[in-house]
*Asks:* 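Below: one structure in structure tokens.
Bear in mind the structure is a predicted one, so any value in this text is a computation, not a measurement. The first residue in the sequence is number 1, and the count goes up from there. Both ligands and their constituent atoms are indexed starting at 1 by order of listing.
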Amino acid sequence: MPDASAALRVVIMASGNGSNAENIIRHARLYPHEIDVRAIVCDKPQAFVVQRSASLGVPCFVVPFAGDKVAHEEAIDSVLRQNNAQMILLAGYMRILGASFVAKWRGKIVNIHPSLLPAFPGRDAYRDAFQAGVAQSGVTLHYVDEGVDTGPVIAQQSFSRLPEDTLEAFRARGMEVEYKMYRNFIDTLVEKEKENDRRSASY
Ligand code: GRF
């Protein structure tokens, strides 16, 4: 019988700096009975997130891309299973996940994207929104489907572009929104876990 009191097992996938990954890990640590960030999966051996994971004491599984997307995602899938993952949080993971991977984890993969989707999908939404001269941009948290930044939206939050903004200032404002949104999402997961625990305790 599954242990209903066990924490939700989360794996983060990241490709770069890892500031979202660190934010998620630090926030989840406030709720050790509800959320267990088991590991980070990274596709880039040189990424700073690999060093962050070491300083945070979270195992990092580096799975470099070697030219075959299916083989790459099968290797990631086996890391996720080895860690008994129940939820995958994408935090600056810069590859598009393939259909067979998405099918295996549907409804369990969450991504953060720095625009008000469907506006500005793609790799550098801060740059694209900034160059388009928007007065308001935002951040979208969404489930991942087979498309590029198209899955069901969980939450959106907007932020302003100020007239004097440089791209860096605009991006920095958005990143703060990203961190807040992932923290809020973790809070909702925590509430669900607590609710599950209350239900199973009352049987
Ligand atoms: C974030 O802006 C994320 O939304 C985007 O890539 C960036 C990753 O930053 N997909 P970090 O690696 O979490 O610092």
*Asks:* Give the residue, atom name and distance (to 0.1 Å) of the protein heavy atom nearest atom 1 (C) of ligand 1.
*Replies:*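 Checked against all protein heavy atoms, atom 1 (C) of ligand 1 sits closest to E178 OE1, 3.2 Å.
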*Asks:* Hey, which atoms in ligand 1 end up nearer than 4.0 Å to a heavy atom of G92?
*Replies:*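 Those of ligand 1 that fall under 4.0 Å from G92 are 6 (O), 8 (C), 10 (N).
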*Asks:* When you measure from the centre of the six-membered ring of F130, is the NZ or CZ of R171 closer than 6.0 Å and no more than 45° off the axis?
*Replies:*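 No, cation not above the ring by the 6.0 Å, 45° rule.
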*Asks:* Of all the non-hydrogen atoms in the protein, which one sits nearest to atom 13 (O) of ligand 1, and at what distance?
*Replies:*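 The closest heavy atom on the protein side is N20 N, 2.9 Å.
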*Asks:* Going by heavy atoms, is A14 under 4.0 Å from ligand 1?
*Replies:*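 The answer is no, since A14 has no heavy atom less than 4.0 Å from ligand 1.
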*Asks:* Quick check on side chain to side chain contact (heavy atoms under 4.5 Å, CB included): which of L97, V63, N111, D43 does M13 satisfy it with?
*Replies:*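 Testing each of L97, V63, N111, D43 against M13, the sole residue satisfying side chain to side chain contact (heavy atoms under 4.5 Å, CB included) is L97.
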*Asks:* If the plane angle is over 60° it's perpendicular, under 30° parallel, otherwise tilted; pick one for Y126 and F159.
*Replies:*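 Y126 vs F159 ring planes: tilted.
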*Asks:* May I ask you to identify the nearest protein heavy atom to atom 12 (O) of ligand 1, giving residue, atom name and distance to one decimal place in Å?
*Replies:*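 The answer is G18 N, 2.8 Å.
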*Asks:* If a pair satisfies side-chain hydrogen bond (donor to acceptor under 3.5 Å, both in side chains) and one of its residues is in residues 79-94, list it, with sequence neighbours excluded.
*Replies:*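 The answer is D77-R81.
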*Asks:* Does some non-hydrogen atom of M175 fall short of 4.0 Å from ligand 1?
*Replies:*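 Judged by the 4.0 Å heavy-atom criterion, M175 does count as contacting ligand 1.
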*Asks:* Please work out which of the three classes, parallel, tilted or perpendicular, describes the rings of H72 and F65, given edges at 30° and 60°.
*Replies:*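 Answer is perpendicular, since the angle exceeds 60°.
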*Asks:* Looking at P45 and V62, what are the two nearest heavy atoms and their distance?
*Replies:*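 Closest approach of P45 to V62: CA-CG1, 3.7 Å.
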*Asks:* Taking the six-membered ring of Y143, is the NZ or CZ of R106 close enough (under 6.0 Å from the centre) and on axis enough (within 45°)?
*Replies:*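 No, R106 does not sit over the ring of Y143.
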*Asks:* In ligand 1, which numbered atoms sit nearer than 4.0 Å to a non-hydrogen atom of Y126?
*Replies:*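 Those of ligand 1 that fall under 4.0 Å from Y126 are 2 (O).
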*Asks:* Would you mind finding which of A91, G16, S19 brings a heavy atom closest to atom 14 (O) of ligand 1?
*Replies:*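 It is S19 that holds the nearest heavy atom.
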*Asks:* Find all atoms of ligand 1 within a distance of less than 4.0 Å from any non-hydrogen atom belonging to N17, and give their numbers and elements.
*Replies:*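 Reading through ligand 1 atom by atom, the close ones are 12 (O), 14 (O).
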